[in-house]
Amino acid sequence: ASSSQLRCLHTSKIVLSSGPSFKNILQKNDLPEDVKQKIEGECKDMLKDWLPHGWNENDKTEDLSQYKTLTFLLMVGLTFGLAFQLWYRPRGVEGDWARREAFLELERRRKLNLPLVDPNLIPADRVKLPSKEEMGSDFKIII
């Protein structure tokens, strides 16, 4: 490979507060020098007080647009992602409380010689079960 075909790889970008330089672009065009200076001046005025965000070093509008779009999407994604995680997280502290309450209730029932699970928790007259004819002869009840 000849030296003209090799390209340098830079891991960091050189960012100047004056904005990107268009000298390379202007040198490759056959424009009069005063037109080149006018274009360079207009570009510097357009890009004054602009520090690229890294999305596009040559187009201020596209750079800001992509930066704001990605920032918005990240903030919305992180906010709703965090809310989703908090809403659907496994219950840690509350699960311990429920288990502790269950053990206390079991101990209370043992001390009073009550059944551990009350068979009449729901009164039998309120439970509506289908008849054997409605379930059919091939329906198996698994207890």
Side-chain angles (χ1 to χ4, degrees), residues 1-131 134-136 138-143:
S2 67
S3 62
S4 64
Q5 292 177 344
L6 294 178
R7 294 184 183 182
C8 295
L9 177 67
H10 299 283
T11 56
S12 61
K13 297 177 183 175
I14 299 171
V15 179
L16 303 173
S17 61
S18 63
S21 173
F22 292 93
K23 290 180 182 175
N24 186 32
I25 296 170
L26 294 175
Q27 287 174 356
K28 293 184 178 181
N29 291 316
D30 295 328
L31 296 173
E33 193 61 37
D34 60 333
V35 174
K36 288 182 182 180
Q37 288 177 355
K38 181 181 176 189
I39 293 172
E40 184 75 27
E42 288 175 1
C43 289
K44 283 192 178 191
D45 288 342
M46 182 180 72
L47 302 173
K48 185 173 31 174
D49 300 327
W50 169 52
L51 187 62
H53 294 285
W55 300 106
N56 191 331
E57 293 181 357
N58 299 323
D59 189 357
K60 178 180 179 180
T61 307
E62 186 177 338
D63 184 53
L64 288 174
S65 173
Q66 289 179 352
Y67 169 72
K68 288 180 179 182
T69 301
L70 183 71
T71 304
F72 173 76
L73 291 175
L74 281 175
M75 290 299 117
V76 169
L78 289 174
T79 302
F80 283 104
L82 181 64
F84 182 81
Q85 287 290 327
L86 289 175
W87 187 262
Y88 290 106
R89 68 183 166 85
R91 302 294 189 240
V93 176
E94 297 89 351
D96 292 342
W97 173 85
R99 179 174 290 203
R100 193 169 47 248
E101 282 294 314
F103 281 121
L104 289 173
E105 180 63 19
L106 287 173
E107 205 49 44
R108 183 187 73 81
R109 288 180 164 276
R110 281 190 188 114
K111 286 181 182 177
L112 296 174
N113 291 326
L114 295 172
L116 296 181
V117 179
D118 188 8
N120 296 321
L121 179 64
I122 298 174
D125 58 338
R126 291 186 59 198
V127 177
K128 306 286 188 232
L129 296 175
S131 66
E134 290 175 350
M135 289 191 298
D138 58 341
F139 188 81
K140 297 188 185 211
I141 299 175
I142 300 173
I143 299 178

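The structure displayed is predicted, hence computed values, not measured ones.
Among L74, T69, V76, the one residue that satisfies the side-chain contact (heavy atoms from CB on, under 4.5 Å) test with F72 is V76.
Atom CG of L112 is separated from atom CD of E107 by 10.5 Å, given to the nearest 0.5 angstrom. From L70, atom CG reaches atom NE2 of H53 across 11.5 Å, with rounding to the nearest 0.5 Å. Between the CG atom of L129 and the CD atom of E134 there is a distance of 10.5 Å, given to the nearest 0.5 Å.
Residues W55 and D63 approach most closely at N-OD1, 3.0 Å, considering heavy atoms. Nearest approach of D118 to R109, heavy atoms of both residues: CB-NH2, 4.0 Å. In terms of heavy-atom proximity, I122 sits nearest to R126 at CG2-CB, 4.4 Å.
Applying the 6.0 Å contact sphere to CG of L116 captures more than 12 heavy atoms from other residues, nucleotides or ligands.
Taking the side chain to side chain donor-acceptor pair (under 3.5 Å) definition, one finds that T61 meets it with nothing, sequence neighbours left out.
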